[in-house]
Structure formats: structure tokens, C-alpha cells
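See below for the structure under consideration.
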Amino acid sequence: MSYTHLLYHIVYGTKNRHPLISESWESAFYKQMGGIVRNHHGIAIEINGMPDHVHLLVRLEPVIAISDFLSKLKSLSSGWARRTHEPLFRWQRRYAAFSVSESVSDAVRNYIRNQKEHHKKQTFEEEYRELLRLHNVPFDDRYLWE
């Protein structure tokens with residue numbers, strides 16, 4: 001038997017960072033995303049965002065690669081958004097995913113919960129670059145927003 005506790009802070013934006021996630025349906029959207037997480041061997045601990053991006057704190061079982069998980073999550077959630085609310089909805093191709101220690105999971109959860117307040121002071125572009133730098137993830141700005 002193996003013992004795992006794999007937490008991830010995941011961040012990605014809408015295609016071209018268009019503000020497509022409306023307050024009128026964002027709650028239903030996040031619930032839908034939580035269901036997709038459950039159906040792919042995970043637990044959505046926190047989901048929140050802004051009109052142009054989303055943050056998730058998820059716990060995943062070690063039965064699916066993070067890239068495969070995100071491919072499914074992004075595909076299924078964008079399909080739901082297009083069918084039910086916004087026909088032009090698309091996610092950007094890139095994403096950021098960071099491992100999270102249980103000892104700081106409450107801080108990450110609060111960070112995600114307070115997105116609306118946080119973004120009164122910082123744009124998504126600034127936040128995304130800062131998160132990548134804080135986690136020592138190298139990036140080339142030319143390809144960051146694909």
C-alpha cells in the first residue's frame with residue numbers, strides 16, 4: 001500500500017485573457033468544475049477566480065498525470081461554459097500547477113478565496129508571473145499566454 005497526499009494549486013486563464021466568466025454563473029461554473037475534479041480522482045478543496053482566470057486547490061490521487069487531469073478539466077469545463085452560458089468560451093493552452101504542502105494549504109485556500117480583493121491591487125498577468133517566480137518556474141514571456 002502507498003500513502004499519498006498530493007495537493008496542487010492550479011492557475012490558468014481564459015483564451016487571450018478575455019473576461020468571459022460572468023458573476024451571474026461563476027458559482028455554477030465552479031461547482032461544475034468541482035464535479036469534474038471528483039470524476040477524475042480528485043477533491044476540489046477551493047475554486048475561485050476572476051472573469052479572466054481561475055484558481056483551484058485540489059487533492060489528486062496518484063492515478064492520473066497532472067497534464068492529463070488538466071486536459072480533461074479544461075476541456076470538459078469549457079464545453080459546459082460554451083453550452084450553457086458563453087458560446088465563445090475557451091481556456092488558454094498553458095497552465096501553472098504548484099505542489100502545496102499541507103502545512104500551508106490553509107494559506108493557499110485563503111488566497112484563492114480572496115481573489116476579488118487581491119485583484120484590486122494586482123492584474124492577472126502580474127499575479128501569474130509572480131507565482132511562477134515564487135515557485136522558481138522558468139518561463140519565456142513570448143509563450144506565457146498561449
Side-chain angles (χ1 to χ4, degrees), residues 3-23 25-82 85-86 88-146:
Y3 302 98
T4 63
H5 189 79
L6 306 174
L7 294 175
Y8 297 94
H9 177 193
I10 300 167
V11 185
Y12 54 92
T14 57
K15 188 163 178 81
N16 299 316
R17 295 168 316 288
H18 291 303
L20 298 174
I21 304 170
S22 169
E23 276 189 47
W25 53 272
E26 73 176 339
S27 178
F29 191 37
Y30 300 153
K31 286 179 185 172
Q32 181 70 19
M33 292 176 77
I36 295 167
V37 171
R38 272 191 307 282
N39 289 336
H40 289 86
H41 309 285
I43 298 167
I45 297 166
E46 198 70 48
I47 302 174
N48 196 14
M50 295 294 290
D52 63 348
H53 72 281
V54 67
H55 289 255
L56 301 94
L57 178 61
V58 299
R59 180 176 178 186
L60 297 177
E61 295 297 322
V63 296
I64 186 169
I66 190 75
S67 57
D68 293 338
F69 168 77
L70 277 159
S71 177
K72 299 283 188 190
L73 177 62
K74 290 167 69 176
S75 173
L76 293 169
S77 63
S78 65
W80 180 89
R82 280 193 303 276
H85 296 287
E86 176 51 66
L88 300 177
F89 193 91
R90 301 283 186 279
W91 291 118
Q92 72 180 55
R93 198 180 84 179
R94 307 257 185 217
Y95 62 85
F98 311 106
S99 58
V100 175
S101 170
E102 182 62 35
S103 64
V104 296
S105 64
D106 284 342
V108 174
R109 191 173 191 179
N110 286 330
Y111 179 82
I112 293 170
R113 279 186 187 153
N114 293 311
Q115 279 295 291
K116 307 248 184 310
E117 189 63 31
H118 172 75
H119 283 289
K120 290 179 181 176
K121 302 173 192 157
Q122 187 178 45
T123 68
F124 172 49
E125 290 89 347
E126 292 166 339
E127 173 190 46
Y128 198 72
R129 286 183 186 100
E130 182 179 325
L131 286 168
L132 292 171
R133 286 185 194 107
L134 286 171
H135 290 88
N136 295 317
V137 177
F139 64 92
D140 185 329
D141 216 52
R142 293 174 297 175
Y143 308 109
L144 202 57
W145 306 111
E146 291 181 350

Side-chain heavy-atom pair [X], [Y] within 4.5 angstrom cut-off:
X: L73; Y: H40; answer: no
X: L56; Y: Y8; answer: no
X: H41; Y: F69; answer: no

Does a sphere of radius 6.0 Å around CD in E102 hold more than 12 heavy atoms from other residues, nucleotides or ligands, not counting ones at 6.0 Å or beyond?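 Yes - once you tally the heavy atoms of other residues, nucleotides and ligands closer than 6.0 Å, there are more than 12.
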Could you work out, with ring pair (Phe, Tyr, Trp, His ring centres under 6.0 Å) as the rule, every residue matching H118, not counting sequence neighbours?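 Here the qualifying residues are Y111.
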List in chain and number order the residues that pass ring pair (Phe, Tyr, Trp, His ring centres under 6.0 Å) with Y12, two or more places apart in sequence or in another chain; answer none if no residue qualifies.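 Testing Y12 for ring pair (Phe, Tyr, Trp, His ring centres under 6.0 Å), a comparison that skips the adjacent residues, returns W91.
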Could you tell me the separation between the [atom1] atom of [X] and the [atom2] atom of [Y], rounded to the nearest 0.5 Å?
X: R82; Y: F89; atom1: CZ; atom2: CZ; result: 8.5 Å
X: R94; Y: K74; atom1: CZ; atom2: NZ; result: 9.5 Å
X: I43; Y: L57; atom1: CD1; atom2: CG; result: 10.5 Å
X: E117; Y: Q115; atom1: CD; atom2: CD; result: 11.0 Å
X: L76; Y: M33; atom1: CG; atom2: CE; result: 10.5 Å
X: R109; Y: N48; atom1: CZ; atom2: CG; result: 11.5 Å

I'd like to know if the side chain of [X] reaches the main chain of [Y], judged simply by a donor and an acceptor atom lying under 3.5 Å from each other, with no hydrogens or angles considered.
X: Y128; Y: W145; result: no
X: K72; Y: I36; result: no
X: D140; Y: R142; result: yes

Sequence-distant partners of D68, side chain to side chain contact (heavy atoms under 4.5 Å, CB included), two or more places apart: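 Scan of D68 (side chain to side chain contact (heavy atoms under 4.5 Å, CB included), adjacent residues dropped) gives I64, A65.
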My understanding is that only residues two or more places apart in sequence, or in another chain, count here; which of them pass salt bridge (Lys or Arg N to Asp or Glu O under 4.0 Å) with R113?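 Listed in chain order: E46.
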For R38, what residues pass the salt bridge (Lys or Arg N to Asp or Glu O under 4.0 Å) criterion, not counting sequence neighbours?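 In terms of salt bridge (Lys or Arg N to Asp or Glu O under 4.0 Å), with neighbours along the sequence ignored, R38 is linked to no residue.
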Mind checking whether H119 and H55 have parallel, tilted or perpendicular rings, split at 30° and 60°?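 Rings of H119 and H55: tilted, as their planes differ by 30° to 60°.
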Over 60° means perpendicular and under 30° means parallel, so tell me whether H53 and F124 are parallel, tilted or perpendicular.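 If you compare the ring of H53 with that of F124, the planes turn out parallel.
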Nearest heavy-atom pair of [X] and [Y]: which atoms, and what distance?
X: I66; Y: L60; answer: CD1-CD1, 3.7 Å
X: T4; Y: E61; answer: OG1-OE1, 4.5 Å
X: F29; Y: A81; answer: CE1-CB, 3.9 Å
X: L20; Y: L88; answer: CD1-O, 3.9 Å
X: L7; Y: S105; answer: CD1-CB, 3.8 Å
X: A44; Y: V58; answer: CA-CG1, 4.2 Å

For the pair K116 and E26, find out whether any cationic side-chain nitrogen is under 4.0 Å from an anionic carboxylate oxygen.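 Answer for the salt bridge query: yes.
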Please list every donor-acceptor pair under 3.5 Å in which a side-chain atom of residues 130-137 meets a protein atom from a residue at least two apart or in another chain.
residue	atom	partner	partner atom	Å
E130	OE1	Q122	NE2	2.7
H135	ND1	L131	O	2.8

Would you sort out whether I112 and H9 count as a side chain to side chain contact (heavy atoms under 4.5 Å, CB included), showing the intermediate values? CA-CA 9 Å; I112 293 170; H9 177 193; 3.9 Å; yes
